[in-house]
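Model, not experiment: these values are computed from the prediction.
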Amino acid sequence: MVTDTLAAEKVSFAYDNRARSVVDGVSLSVSRATIVGLLGPNGSGKTTLLRLLSGTLIPNRGRVLLDGQAIAGMSRRDLARRIAVVPQETHSAFDYSALEIVMMGRYPHLGAFELEGASDLAIARRAMADTGTASFEDRRFSALSGGEKQRVVIAGALAQASDVLLLDEPTASLDLGFQFEIAALLSRLNRDRGTTMVVSTHDLNLAATLCTELVLLKDGRVIAQGPTDAVLTPAHVRDLYGVIADVTTHPRAGHLTVVPLGRAH
């Protein structure tokens, strides 16, 4: 039986001095080993919802559950062992190597004042091999391209040995080749490792390619959720973005593709 790894129950959140909730009564469930996409226009609450799911933010109302347990009662270390986050951009104040960035994913598994050991190094190197980044483990993180940096950050998330991966705009600012590369990587990690993922994205075609289910957010509320083929429709694209779009199954790709045709009037 498929079980829910991560769930939100009527979760709401408002930042200080804001009258309106950024996330307003959102409920969703993420089944084990699935990839769920969060779609919505700017300001719809996608990034805030990811932070609530990761435990970085605490909801004003409702709760987030991990394997049926409220994450509000879990320690940061325990949460980090289960949930890893890949932000839109990663900046380092120090000029770490790619391997050092990945090794940071092992910190939740170390005791106080404990240093990384041979097993931690092996896990980090396996994560780099899985993400195709092993060949530049000694290179400076700051010298890597955008796509290379994103793969290193994903390797660090894998090195956490977390079974849930939350990704905020993983292909933002990447060229088409790197977008394809990251999408293929995430699909392979889900298939080979069984990693559960929640992916926030503006890229409807990435969502169509990668995600098994979608959650559509508008003004902090869920307007639709379910299997990708059922949710990614011209009517929903129009509701979310005010855009008329053609949504069809591509004969060679074998999945839905979205072609914007114009603004809805």
Side-chain angles (χ1 to χ4, degrees), residues 33-38 47 50 54 56 77 79-110 114-203 205-207 209-212:
T34 59
I35 305 179
V36 174
L38 299 180
T47 296
L50 281 184
S54 71
T56 305
R77 181 179 292 271
L79 263 181
R81 289 172 177 167
R82 296 293 316 281
I83 299 176
V85 179
V86 176
Q88 282 190 41
E89 296 182 356
T90 300
H91 302 285
S92 175
F94 302 97
D95 199 14
Y96 292 110
S97 70
L99 178 59
E100 287 170 329
I101 292 289
V102 176
M103 286 290 283
M104 291 177 188
R106 298 303 302 156
Y107 290 172
H109 300 274
L110 303 177
E114 184 181 0
L115 298 176
E116 303 94 331
S119 62
D120 298 300
L121 182 59
I123 290 169
R125 282 185 164 148
R126 182 195 165 198
M128 296 189 80
D130 285 347
T131 54
T133 58
S135 63
F136 43 82
E137 71 170 47
D138 294 325
R139 288 173 60 188
R140 297 293 98 188
F141 182 74
S142 60
L144 301 178
S145 70
E148 289 169 341
K149 284 181 179 177
Q150 194 70 316
R151 284 189 287 150
V152 167
V153 173
I154 292 171
L158 293 179
Q160 274 184 234
S162 306
D163 50 356
V164 179
L165 195 56
L166 307 181
L167 303 104
D168 193 6
E169 297 285 351
T171 60
S173 303
L174 300 183
D175 66 32
L176 186 61
F178 283 130
Q179 289 177 24
F180 184 84
E181 195 172 84
I182 295 298
L185 167 63
L186 296 178
S187 180
R188 179 165 53 80
L189 293 174
N190 172 258
R191 182 185 67 246
D192 295 347
R193 285 191 173 213
T195 306
T196 303
M197 301 183 195
V198 181
V199 182
S200 167
T201 182
H202 284 297
D203 189 334
N205 286 304
L206 171 69
T209 303
L210 184 64
C211 301
T212 49

Check: D163 side chain, T195 main-chain N or O, donor-acceptor pair, under 3.5 Å: no
Nearest heavy atoms of S54 and I83, plus distance in Å: CA-CG2, 4.3 Å
Gap between atom CG of L210 and atom OG1 of T201 - 0.5 Å precision: 9.0 Å
Crowding at CZ, F136 (>12 non-hydrogen neighbours, <6.0 Å): yes
Non-hydrogen side-chain atoms of L121 and R106 separated by less than 4.5 Å: no
Short side-chain to backbone donor-acceptor contact, R82 and V164, under 3.5 Å: no
Atom pair CE/CD1 of M104 and I101 - distance to nearest 0.5 Å: 4.0 Å
Side-chain heavy-atom pair V153, F141 within 4.5 angstrom cut-off: yes
pair L167-M197: side-chain heavy atoms closer than 4.5 Å: yes
Point-to-point distance, once rounded to the nearest 0.5 Å, from CG of L189 to OG1 of T196: 12.0 Å
Donor-acceptor contact present, side-chain R125 to main-chain L99, <3.5 Å: no
Spatial distance of atom CD1 (I35) from atom CG (N190) [nearest 0.5 Å]: 3.5 Å
From OG (S187) to CG (D192), nearest 0.5 Å: 9.0 Å
side-chain contact (heavy atoms from CB on, under 4.5 Å) assessment of D138 paired with S97: CA-CA 5 Å; D138 294 325; S97 70; 5.6 Å; no
Side-chain (R151) to main-chain (G132) donor-acceptor, under 3.5 angstrom: yes
Over all atoms of both residues, closest heavy-atom pair of A159 and A124: CB-CA, 4.3 Å
Interatomic spacing from CD in E181 to CG in L186 - rounded to 0.5 Å: 11.0 Å
V36 backbone acceptor or donor facing T34 side chain under 3.5 Å: no
N/O donor-acceptor pair under 3.5 Å between T209 side chain and N205 backbone: yes
Min side-chain heavy-atom separation V85-L50 under 4.5 Å: no
Expected output: side-chain Q160 to main-chain A80 donor-acceptor under 3.5 Å: yes
Minimum heavy-atom distance between Q150 and P170, given as atom pair plus value: NE2-O, 2.7 Å
Test item: R193 and L158 side chains (from C-beta on) under 4.5 Å apart, heavy atoms: yes
Side-chain touch T131/L185, heavy atoms, less than 4.5 angstrom: yes
Main-chain N/O of T133 paired to E148 side chain as donor or acceptor, under 3.5 Å: no
Contact summary for A127 and A155, nearest pair of heavy atoms: CB-O, 3.4 Å
Test item: E169 side-chain N/O and H202 main-chain N/O as donor-acceptor pair under 3.5 Å: yes
